[in-house]
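Notes follow the structure.
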Amino acid sequence: MDNQVPPRKEKEEAAQAVELGTFLWHIHPHPTPHGTCCYNPGQLIFFKYESQKRISVCCSTKNPVYNWSTEIQGIMLSSIFYGILISQIPAGYLSGIYSLKKMVGSALFLSSLFTLLILLAAEFGEALVIICRVIQGLFQGIALTTQQVVWIKWAPPLEQVRLTSLSLSGLLLGPCVVLLITGFICDSLGWPMVFYIFGACGCALSLLWFVLFYEDPKDHPCISKSEKEYITSALTQQVSSSAPSLPIKAMLKSPPLWVISLCNFAFFWANSFLSLYTPMFINSKFHINVKENGLLSSLPHLFAWIFAILAGHMSDVFLSRNILSLLTIRKLFTLLGLLLPALFSLCLLYLSSSFHGTMIFLILANATGSFCMGGILINVLDIAPRYYGLLKGFTNVIGLTGGLVASTVTGVILSQDQDSPWLKIFFMMVANNVISLIFYLIFAKAEIQDWAKETQNSYL
């Protein structure tokens, strides 16, 4: 294939449309008794704006207070996960049957709509809030999985990682923006306005999805003929001419799929821990609450967003210039995305004698995980493009489970071990990353598997 790529304006617009989707997926908050909690379901990032100034006025109409117990708050925080986990695999399967434009656009719109309805639900009791959160999770799970299937028809191999990393970077940019501006909104307009502003923006912007997005390059009114021919010819092996059967037995026996899933488990575990508990570690070490500073809280996400885009460009440069093979690129970026966060996390334990040094290591530990954009997070598209939606949902379920397990295990260790809990927690994360990485380096593949080829007639 000729490495000369035609003008990329249309594909970049598609990437920006998908990035808009991931950004919207990431900016939905929820109410707590003392204000607003902005929640990141993909990486388990919780941010609670609890300044004394606002707590002192939270009984006013501007900042209502709800008499919810800590247990109920915990259920509310986790309820969205049930919806996300339940919807992943069905959404991935249905993405190969129904219109992606309608699935993604409707999911984003309804998720934003339920953001607006949560405050109304809160007036009727915590049970209705939990139900709204579960439903919101269902729609967010649909949007998370199905929007990535877009690249089966839009991303030529030499541009896959650049385009997918650009779109997925919305997951990182969303919390960065939220952490910067929610404190200002809460103090100036009251915390309920966070729901109205983000919910209304989500509804409006999700409508743009229906206007700007096209499922197939051949349907785009502005794309050139040469661009259409380039994309379609480059993706002949990825686009199926008929609805594929599901070779489930072959999938379950596939070592490359399982090592991708294992590394997703480790990746989400590390991201969950770094996002949720390292601010607590810094507070215990320096008695500084990083969460109360919106800028400090947003910096790890900002640099992770930058590194994600950088990883996408580097990966495609290595491939288009034949510097490295596709398999070597996937292994290299997975190694960087799992090993570097582990190393910088150990630096947090042993080399961070000052607050500024600790923040640098924290930012690097979060940011370098984005190198996985060029590795495990796109590898499923290499080995099984015909089943990308279904298998992406499957690996997301395992990854999100890793995040939940990390949060639970870390909480248990902190509550039971008073001597050296952080040492155990950090080494557990490092061991998880290293073990997963070793299996990936041994069993990973980057070519289409036999059971995923169109000529293969496999049945359950």
Check the side chains of S99 and E215 for a donor-acceptor pair under 3.5 angstrom, ignoring hydrogens and angles. yes
I223/Y214 under side-chain contact (heavy atoms from CB on, under 4.5 Å): CA gap, chis, key distance, verdict: CA-CA 11 Å; I223 194 171; Y214 292 85; over 6 Å; no
If you apply the rule side-chain contact (heavy atoms from CB on, under 4.5 Å), what do you find for R162 with S315, and how did you get there? CA-CA 7 Å; R162 182 179 66 86; S315 176; over 6 Å; no
Over 60° means perpendicular and under 30° means parallel, so classify the ring planes of F371 and F307, tilted if in between. perpendicular
For L100 and S95: C-alpha separation, side-chain torsions, deciding distance, then whether side-chain contact (heavy atoms from CB on, under 4.5 Å) applies. CA-CA 6 Å; L100 291 175; S95 67; 3.7 Å; yes
Considering residues at least two apart in sequence or located in another chain, which fulfil the salt bridge (charged side-chain N to carboxylate O under 4.0 Å, His left out) criterion with K102? none
I'd like to know if the side chain of S325 pairs up with that of T328 as donor and acceptor (distance under 3.5 Å, no hydrogens or angles considered). yes
Side-chain donor-acceptor contacts of residues 376-385 below 3.5 Å, not counting sequence neighbours, with atom names and distances?
from : atom 1 : to   : atom 2 : distance (Å)
N379 : OD1    : Y440 : OH     : 2.7
N379 : ND2    : D382 : OD2    : 3.2
N379 : ND2    : K445 : O      : 3.1
D382 : OD1    : R330 : NH2    : 3.3
D382 : OD2    : R330 : NE     : 2.5
D382 : OD2    : R330 : NH2    : 3.4

Donor-acceptor list for residues 428-436 side chains, cut-off 3.5 Å, not counting sequence neighbours:
from : atom 1 : to   : atom 2 : distance (Å)
N433 : ND2    : L338 : O      : 2.9
S436 : OG     : N432 : O      : 2.8

Are S169 and W305 linked by a side-chain donor-acceptor pair shorter than 3.5 Å? yes
Are a donor atom and an acceptor atom from the side chains of T115 and Q136 found within less than 3.5 Å of each other? yes
Would F426 and F281 count as a side-chain contact (heavy atoms from CB on, under 4.5 Å) if you check the C-alpha gap in whole Å, the side-chain angles of each, and the deciding distance to 0.1 Å? CA-CA 11 Å; F426 274 101; F281 168 74; 4.0 Å; yes
Any idea which heavy atoms bring L326 and A446 closest together, and the distance? CD2-O, 3.5 Å
Can you check whether F427 and W422 have ring centres sitting under 6.0 Å from each other? no
Whether F443 and F439 hold their rings parallel, tilted or perpendicular, with breakpoints at 30° and 60°: parallel
Pairwise side-chain contact, L437 with L339, heavy-atom cut-off 4.5 Å (strictly under): yes
For the ring pair F109 and F210, is the centre-to-centre distance below 6.0 Å? no
Hey, is NZ on K424 packed in by over 12 heavy atoms from elsewhere, all under 6.0 Å? no
